[in-house]
Protein chains: 2
Amino acid sequence: MAVELDEIDVKLLTQLQQDADRTNLELAELVGLSPAATLHRVRRLKESGAIRIISAQVDAAAVGFPLTVFMAVTTGNARATERFEREVQLLPQVVAAETVAGEMDYWVTVVARDVEDLEHTLTRIATHGGGRVVTYLRLKQLKPPTPLPLLPSSTTRQRRRG
Amino acid sequence: MAVELDEIDVKLLTQLQQDADRTNLELAELVGLSPAATLHRVRRLKESGAIRIISAQVDAAAVGFPLTVFMAVTTGNARATERFEREVQLLPQVVAAETVAGEMDYWVTVVARDVEDLEHTLTRIATHGGGRVVTYLRLKQLKPPTPLPLLPSSTTRQRRRG
DNA sequence: GGTGAAAGAAAAGACTT
DNA sequence: AAGTCTTTTCTTTCACC
């Protein structure tokens, strides 16, 4: 919790997570601040690292990747782990990967143009350090990415539940 | 594959996925086009649905959510499924959820301020339709979200592998 | 940290190729 | 579709509160 947020910061972050494709003027109006102050705030949020990047969310299916597969992966020994981590970085079809603690060791997101493409990527992973591999074919978004349930940093510890 | 892309579209989408916080002028220079043409292209990509939204990627840990947990969930009967889907929509700590085909039925992303907060959310899910629930605590990003490995839509079917 | 105004930059539109 | 030019609008900075 490195960054302190007041109510306006929370509003700004919530708005920007939903749609960052707005002019500073619109944003200022939305949060009830002057354009100049809004600009300052947003810059501060970027510099502080609260906002990592602004990026375009591309519809994978619309641009030729109708298949998205999530994979839970375990690796055996240190050698396999190393191979696996390298392979994940190299394969462009792997669009995200996380290290996790639990029943499995990694969570990997793969996109594919077709079943053949998919099979190729899964095989590569299975034969490059992947031990147990469980795959899940993404069917649909039940809840699309939602803004974080932010709260202002109160001096007296905040606590609220949804 | 609803949207046809040429080489410049691919460049634009790749750039915008990495950083959409640039002026149209900079973007135009990057892809080697005039500002007006670039503006047209980007608008077209938004209208066609290739670009879903432009959004701020917020660092959850930096703004008070040090814990991210992925959950694989199965629901039993139709009644449990309905309860579960409703709960997922209601809980603000659930920041994303997907329907998947495979060993489990859902993939859910949860953020939490602390272990207590997390326990609360996991219990809510487990007691609202969640059948078998497997949780994975996110440790670190192995491969941060990467642009899709886009290719221009050639008339003769394109095919390339990484 | 905020406001308001003025200068500079970028986006939007019309026209040409 | 793309380039250039002009108009309109937004962004940015600065002086002040």
Side-chain angles (χ1 to χ4, degrees), chain A residues 1-59 62-64 150-156 158, chain B residues 1-59 62-64 150-156 158:
Chain A
M1 202 174 321
V3 182
E4 292 283 305
L5 308 173
D6 65 12
E7 280 181 35
I8 291 179
D9 292 324
V10 167
K11 278 191 195 175
L12 284 170
L13 287 175
T14 302
Q15 289 298 334
L16 290 173
Q17 282 176 275
Q18 290 173 307
D19 183 3
D21 198 12
R22 277 188 281 231
T23 66
N24 185 57
L25 248 57
E26 292 175 289
L27 197 58
E29 179 127 11
L30 277 168
V31 303
L33 224 60
S34 73
T38 304
L39 209 61
H40 257 139
R41 293 268 195 159
V42 173
R43 189 174 303 161
R44 222 188 114 272
L45 288 169
K46 286 173 187 165
E47 281 168 2
S48 71
I51 295 174
R52 224 197 275 273
I53 58 164
I54 309 283
S55 69
Q57 306 305 308
V58 171
D59 184 329
V63 296
L150 297 168
L151 292 176
S153 331
S154 9
T155 323
T156 61
Q158 87 280 111
Chain B
M1 202 174 322
V3 182
E4 292 283 306
L5 307 173
D6 65 12
E7 279 180 37
I8 292 177
D9 292 324
V10 167
K11 278 190 196 175
L12 284 170
L13 288 174
T14 302
Q15 290 297 335
L16 290 173
Q17 283 176 273
Q18 290 173 306
D19 183 3
D21 197 13
R22 277 187 280 230
T23 65
N24 184 59
L25 253 55
E26 291 176 288
L27 196 58
E29 179 127 13
L30 277 168
V31 303
L33 223 60
S34 74
T38 304
L39 210 59
H40 262 140
R41 291 268 194 160
V42 173
R43 189 173 304 160
R44 220 188 115 270
L45 288 169
K46 286 173 187 166
E47 281 168 2
S48 70
I51 295 174
R52 225 197 276 272
I53 58 164
I54 308 285
S55 69
Q57 307 305 307
V58 171
D59 184 329
V63 297
L150 297 168
L151 293 176
S153 331
S154 12
T155 324
T156 61
Q158 87 279 111

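Chain letters run A, B, ... following the sequence lines, proteins first and then strands; every chain starts at 1.
Residue A:Glu26 contributes atom CD, which lies 8 Å from atom P of D:dC10 at whole-angstrom precision. C:dG2 atom P lies 13 Å from atom CD of A:Glu7, rounded to whole Å. Nucleotide D:dT12 holds its P atom 13 Å from the CG atom of B:Leu25, rounded to whole Å. In this structure, A:Leu27 places its CG atom 20 Å from P of D:dT9, rounding to the nearest Å. Protein atom CG of B:Asp21 is 18 Å distant from nucleotide atom P of D:dC10, rounded to whole Å.
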*Test side-chain contact (heavy atoms from CB on, under 4.5 Å) on B:Leu45 and B:Leu5 and set out the steps.*
CA-CA 9 Å; B:Leu45 288 169; B:Leu5 307 173; 4.0 Å; yes
Using a cut-off of under 3.5 Å, enumerate the N/O to N/O pairs linking the protein to nucleotides 12-17 of chain C.
residue	atom	partner	partner atom	Å
C:dA12	OP2	B:Arg43	NH2	3.2

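Formation of a donor-acceptor pair under 3.5 Å by the B:Asp59 side chain with backbone atoms of A:Arg52 is not found in this model. A distance-only check finds no donor-acceptor pair linking the side chain of A:Arg41 to the backbone of A:Leu33 [under 3.5 Å].
Annotation: side chain of B:Gln15 is in contact with side chain of B:Gln18 (closest heavy-atom distance under 4.5 Å). Using a 4.5 Å heavy-atom threshold, the side chains of A:Leu30 and A:Lys11 count as separate. A 4.5 Å side-chain heavy-atom check between A:Ile53 and B:Asp19 finds every atom pair outside the cut-off. Annotation: side chain of A:Ile51 is in contact with side chain of A:Leu13 (closest heavy-atom distance under 4.5 Å).
Remark: DNA chain D takes part in the stems C:1-17 with D:1-17, each of 3 or more antiparallel Watson-Crick or G-U pairs, criterion distances under 3.5 Å.
Of the candidates C:dG2, C:dA10, D:dG3, the closest approach to any side-chain atom of B:Thr23 belongs to C:dA10.
Residue B:Arg41 places at least one side-chain N or O closer than 4.0 Å to OP1 or OP2 of D:dA2.
Atom CD of B:Glu26 has more than 12 neighbouring heavy atoms from other residues, nucleotides or ligands inside a 6.0 Å radius.
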